[in-house]
**Q** 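One structure, as structure tokens, below. Some questions next.
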Protein chains: 2
Amino acid sequence: MAIVDEMVCFSLYSATRATTRAYTDLLAPWKLTYTQYLVLVILWNEGSQPVRQIGEMLQLDSGTLSPLLRRLESKELIDRQRSETDTRVVNVVLTEPGESLRKELAHIPEQIACGTGLPDIASAQALVSSLHRITDSMQQLPLTDSK
Amino acid sequence: MAIVDEMVCFSLYSATRATTRAYTDLLAPWKLTYTQYLVLVILWNEGSQPVRQIGEMLQLDSGTLSPLLRRLESKELIDRQRSETDTRVVNVVLTEPGESLRKELAHIPEQIACGTGLPDIASAQALVSSLHRITDSMQQLPLTDSK
DNA sequence: TAGATTTAAGTTGCGCACAATTGAATTGCG
DNA sequence: CGCAATTCAATTGTGCGCAACTTAAATCTA
């Protein structure tokens, strides 16, 4: 293997940047980034969530999320409400404009669907499960620090 | 489709970050990033290249490459030599330490190979071609700006 | 050949990704 | 109960990715 695997990683890297650019273009009229969009998708689908939950779903830490949420807040798409039962926790809540953005952005999944160029659902699902396997197995790398 | 496709993009995004983290861990003893490693791989395999060529191969512009090359230069792994025939062009050349790093990092592709968890070359190649298709088709998105 | 266009590399600025640290609050345990 | 350990969010600092712009040089063209 070896060379092929470096190709796997590089083509992953390329494909991700290409899709992120596509989202960037689609989201440009709203000046949203792909990651900001992902947070909104979570809130639309799952309702209000603590920062920690969002971080768990997206595998992002507060170092990424805190400033990102600040930006969404300054766009008035979300509110941050400190929990009363546990004041360490900050709950992220959609504002009314954030809620109504859902319909406005409803066209995006479809556009991305075309963008992938995948022929059918089956091949998309096959790809997804293949990618999940890589993600899992990469996360379990032993780190046999070899120097 | 729609939801599945957002899943394709998100699992791409996750898999890429997982592999990048794996490279980061493997490269930590040398304090190199994945992108810096990619530049070195190009130089090892293709020899000295102008910045523009490297950018074409990695699909990165000078806004990313210039500071990255500066860092590789300050580590004394590369030299930047302005072309004599066309003084706009800067040729990136491996130094002796940069050259010899090749053997020192020869274990990495294998480690990554294990990390992917892919069963055989055939499935790796299938994945790569699937990813290439996505990259190409994403890059050709019409951008029918819909607002 | 002179001037316009194009090209190469660099710079600036912004946002994400992530490691490391901080500070405050809660939980667990003796 | 009281203190140590843990948890949550935020902050700081570094590097990448990319858009927009700058500068200098080469090329094209009238």
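Note on naming: letters A, B, ... go to the chains in the order of the sequence lines (proteins, then strands), and numbering restarts at 1 for each one.
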**Q** Of B:Asp86 and A:Pro50, whose nearest nucleotide on DNA chain D comes first from the 5' end?
**A** A:Pro50
**Q** Could you state the atom-to-atom distance from CG of B:Asp25 to P of C:dA17 in whole Å?
**A** 17 Å
**Q** Within this structure, what is the CD-to-P distance between B:Glu84 and D:dA24, rounded to whole angstrom?
**A** 20 Å
**Q** Between C:dG15 atom C1' and A:Arg17 atom CZ, what is the distance in whole Å?
**A**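 Value for this atom pair: 16 Å.
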**Q** Mind calculating the distance between CG (A:Asp61) and C1' (D:dG13) to the nearest angstrom?
**A**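 Nearest whole value for this atom pair: 13 Å.
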**Q** From D:dA25, D:dG15, C:dT27, pick the nucleotide closest to the side chain of B:Gln36?
**A** D:dG15
**Q** Closer than 4.0 Å, any side-chain N/O of B:Arg88 to the OP1 or OP2 of C:dT7?
**A**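 The answer is no; no side-chain N or O of B:Arg88 sits under 4.0 Å from OP1 or OP2.
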**Q** Regarding A:Ser66, tell me which of base, sugar-phosphate or nothing describes its non-hydrogen contacts under 4.0 Å with the strands shown.
**A**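 It contacts base atoms.
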**Q** In this structure, how many angstroms lie between the P atom of D:dA19 and the CZ atom of A:Arg21, rounded?
**A** 7 Å
**Q** Is there side-chain contact between A:Lys75 and A:Lys31, with at least one heavy-atom pair below 4.5 Å?
**A** yes
**Q** Write down the atom of B:Pro67, the atom of B:Ser62, and the distance for their closest heavy-atom approach.
**A**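 Heavy-atom minimum between the residues: CD-O, 3.8 Å.
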**Q** Is a side-chain donor or acceptor of B:Thr135 paired with a backbone partner of B:Leu131 at a separation under 3.5 angstrom?
**A**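 At least one qualifying donor-acceptor pair exists.
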**Q** Which of these nucleotides, C:dA8, D:dA9, C:dA17, is closest to any side-chain atom of A:Thr35?
**A**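 The closest nucleotide is C:dA17.
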**Q** Is it the case that B:Arg17 places NZ or CZ above or below the six-membered ring of B:Tyr13, under 6.0 angstrom from the centre and within 45 degrees of the axis?
**A** yes
**Q** Report yes if at least one side-chain N or O of B:Arg82 is closer than 4.0 Å to OP1 or OP2 of D:dA25; otherwise report no.
**A**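 It does not, given that no N or O in the side chain of B:Arg82 lies less than 4.0 Å from OP1 or OP2 of D:dA25.
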**Q** When you check the side-chain N and O atoms of A:Thr35 and A:Thr33, is any donor under 3.5 Å from an acceptor?
**A**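 Side chains of A:Thr35 and A:Thr33: no pair found under 3.5 Å.
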**Q** Rounded to the nearest angstrom, tell me the gap between atom CD in B:Gln59 and atom P in D:dA19.
**A** 12 Å
**Q** In whole angstrom, what separates B:Tyr34's OH from C:dC18's C1'?
**A** 17 Å
**Q** What's A:Thr64 touching, base or sugar-phosphate or nothing? Going by heavy atoms closer than 4.0 Å.
**A**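 Since a base atom lies under 4.0 Å of A:Thr64, the category is base.
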**Q** At under 4.0 Å between heavy atoms, what does A:Ser62 touch on the DNA or RNA strands: base, sugar-phosphate, or nothing?
**A**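 Result for A:Ser62 = base.
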**Q** So what does B:Thr87 hit on the nucleic acid, given a heavy-atom distance under 4.0 Å: a base, only sugar-phosphate, or nothing?
**A**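 Touches sugar-phosphate only.
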**Q** Heavy atoms only, 4.0 Å cut-off, all strands: where does B:Leu60 land among base, sugar-phosphate and nothing?
**A** sugar-phosphate
**Q** Rounded to the nearest angstrom, tell me the gap between atom CZ in A:Arg70 and atom P in D:dA10.
**A** 8 Å
